[in-house]
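Right, I'll just put the structure down here and ask away after.
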Protein chains: 2
Amino acid sequence: MATDTDEPIRVLIVDDHAVVRQGLMTFLELQDGIEVVGEASNGKEALQKVKELEPDVVLMDLVMPVMDGLTAIKEIKLMRPETEVIALTSFADDEKVFTAIRSGATGYLLKDVQPADLVKAVIAAERGEVQLHPEVAKRLMHEVVAPPKEDDGLQELTERELEVLGLLGRGMSNKEIARELQVSEKTVKAHVSSILNKLSLPGRTHAALFAVKRGLAPA
Amino acid sequence: MATDTDEPIRVLIVDDHAVVRQGLMTFLELQDGIEVVGEASNGKEALQKVKELEPDVVLMDLVMPVMDGLTAIKEIKLMRPETEVIALTSFADDEKVFTAIRSGATGYLLKDVQPADLVKAVIAAERGEVQLHPEVAKRLMHEVVAPPKEDDGLQELTERELEVLGLLGRGMSNKEIARELQVSEKTVKAHVSSILNKLSLPGRTHAALFAVKRGLAPA
DNA sequence: GTAATTATAGGAAAAAATACCCATACTGTG
DNA sequence: CACAGTATGGGTATTTTTTCCTATAATTAC
């Protein structure tokens, strides 16, 4: 707790969209105890601003040109660990969430966050506390429950599931796969759900791409 | 018109499911002018039966073990062109439909065909006439309307569509793409529909695989 | 200036996919 | 024999995807 009740929390906003920066700024400025000390439109600029302005909290968009937010977070935590970074993106992409957290992000918020929650998160972050968006928390839980995935995930699939995954990689629908394998569509759905679950994939399209990457389906 | 009003139409039934064969047979046998002269449970067997029984019309399932129906059709038309083959499958798969027709099938019926229509198709086929299931006809029309696709299809996409296709190739959902591009999900849907239509793809998974193949998305 | 194309997006409805229940049958394994 | 895992699929509910229709603004082409 560097800054306390008397000193306002110094916030740096990093986002490549001017509108987003403007929106965040105007809102945060209205809050007691929060002061937006600067903004940056990409990771590189953010690093510079952090050095220059020494903010307590950085609100960091992850998708940006020049230097992406993930890299920027790492650099910031390296350069000035006492600065807390809240990752702020439009969607809960599994990969990005975990990478962001591994990179040292204290929080992870989605852009559809309620203003009040944003303020809470900033205040919490400044104290080093973690504030997670419910959706993100849910994904984290999932990761914790089925975590390491030492291997590539393929070996935990059964024979039948590998077979289904191969057909998935050819772009086939559940109905088509069902006919191909001579089973009911319901069974195929069960296999697909199991595949998506075991591989922690968010949808059949990811599964199809995965299948091709692993050579289960012709490129 | 080899066989005419007096001689019954000699039909060979080819399907790997005994139940299907039984169903087709009992029904067709009730019809005047149609005689089921034999049955086969796979393509290889079908070839043999055609040579042996010299049927006028073959009802051919496309999905079978040992030798698939598509190959069997080619072989049959090669061996005995005067035999008319009606492809009979459970689903209107674009590829299979066109391949079947290119292979020399005179008709293409779906298994949910009405018995009466099946009879009509058999009679029509024996005269060399084409009888198409409405659904199949629709797909054929579509192929005719937007046929050759001389190029790879990519060039007919607009800039925005290429952009969307690239994101599709990363496995993103419409919602995710909408956030990424800062437009409504509705707009993304419009783009996706347009892409699928222009490229004649049956679904987003095919589009994703296509995108990767063309380097629009990272492999 | 009119016509065509494109990007945008709403409404409605149908089809597909997904999640979460459940049960059965078969196959090993301790 | 009990137990775990697998393949099979029914039921239900929700979400996503897809199609079809309509419409506006902006751009470009003739």
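Naming convention: chains lettered A, B, ... in sequence-line order (proteins, then strands); numbering from 1 in each chain. Computed from a prediction, not measured in an experiment: that's the story for all the values here.
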Over how many whole Å does the gap from B:L181 atom CG to C:dA9 atom C1' extend?
14 Å

Return no unless some side-chain N or O of A:T158 is found under 4.0 Å from OP1 or OP2 of D:dA7.
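Checking D:dA7 against A:T158, a side-chain N or O does come within under 4.0 Å of OP1 or OP2.
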
Please determine whether a side-chain nitrogen or oxygen atom of B:R204 lies at a distance below 4.0 Å from atom OP1 or OP2 of C:dA16.
no

Nearest heavy-atom approach of A:T205 to B:L168 is CG2-O, 4.1 Å

Atom-to-atom span, NZ of B:K186 to P of D:dC21 - whole angstrom
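Result: 13 Å.
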
Show me the pairs that pass salt bridge (charged side-chain N to carboxylate O under 4.0 Å, His left out) and involve residues 162-173 of chain A, at least two apart or across chains.
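Residue pairs with at least one partner in residues 162-173 of chain A: A:R160-A:E163.
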
Closest heavy-atom contact between A:E161 and A:I195?
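Residues A:E161 and A:I195, closest heavy atoms: O-CD1, 3.3 Å.
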
On a heavy-atom basis, the closest approach of B:V37 and B:L53 is O-CD1, 3.6 Å

NA contact type, B:S193, heavy-atom cut-off 4.0 Å: base, sugar-phosphate, or nothing?
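Since a base atom lies under 4.0 Å of B:S193, the category is base.
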
B:K198 side chain: which of C:dT6, C:dT18, D:dG10 is closest?
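So the side chain of B:K198 is nearest to C:dT6.
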
Between C1' of C:dC20 and NZ of A:K189, the distance in whole Å:
13 Å

Report the residue (B:T187 or A:E185) whose heavy-atom-nearest nucleotide on DNA chain C is the more 5′ of the two.
B:T187

Smallest heavy-atom separation, A:H206 atom then B:G171 atom, equals CE1-O, 2.9 Å

Positive for side chain to side chain donor-acceptor pair (under 3.5 Å) with B:S41, one of B:E39, B:E45, B:K44:
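Only one of B:E39, B:E45, B:K44 forms a side chain to side chain donor-acceptor pair (under 3.5 Å) with B:S41, namely B:E45.
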
Between C1' of C:dT6 and CD of B:E161, the distance in whole Å
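Distance, rounded to whole Å: 8 Å.
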
d(CD1, A:I195; C1', C:dT18) in whole Å
13 Å

Overall bend - the helix from C:dG1-D:dC30 to C:dG30-D:dC1, comparing terminal axes fitted on five pairs, nearest 10 degrees
40°

What's the CG-P distance between B:N174 and C:dA16, to the nearest Å?
16 Å

Listed nucleotide nearest any side-chain atom of A:K175, set C:dA16, D:dG10, C:dT8
C:dA16

Non-hydrogen atoms of A:L201 and A:A207 that approach each other most closely:
CD1-CA, 3.6 Å

Atom CZ of A:R160 to atom P of D:dA7: distance rounded to whole Å?
8 Å

Starting the side chain at C-beta, find the nucleotide from C:dA7, D:dG11, D:dT17 nearest to B:H191.
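Out of C:dA7, D:dG11, D:dT17, the nucleotide with an atom closest to B:H191's side chain is C:dA7.
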
Interatomic distance, A:I177 CD1 vs D:dT8 C1' [rounded to whole Å]
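That distance rounds to 16 Å.
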
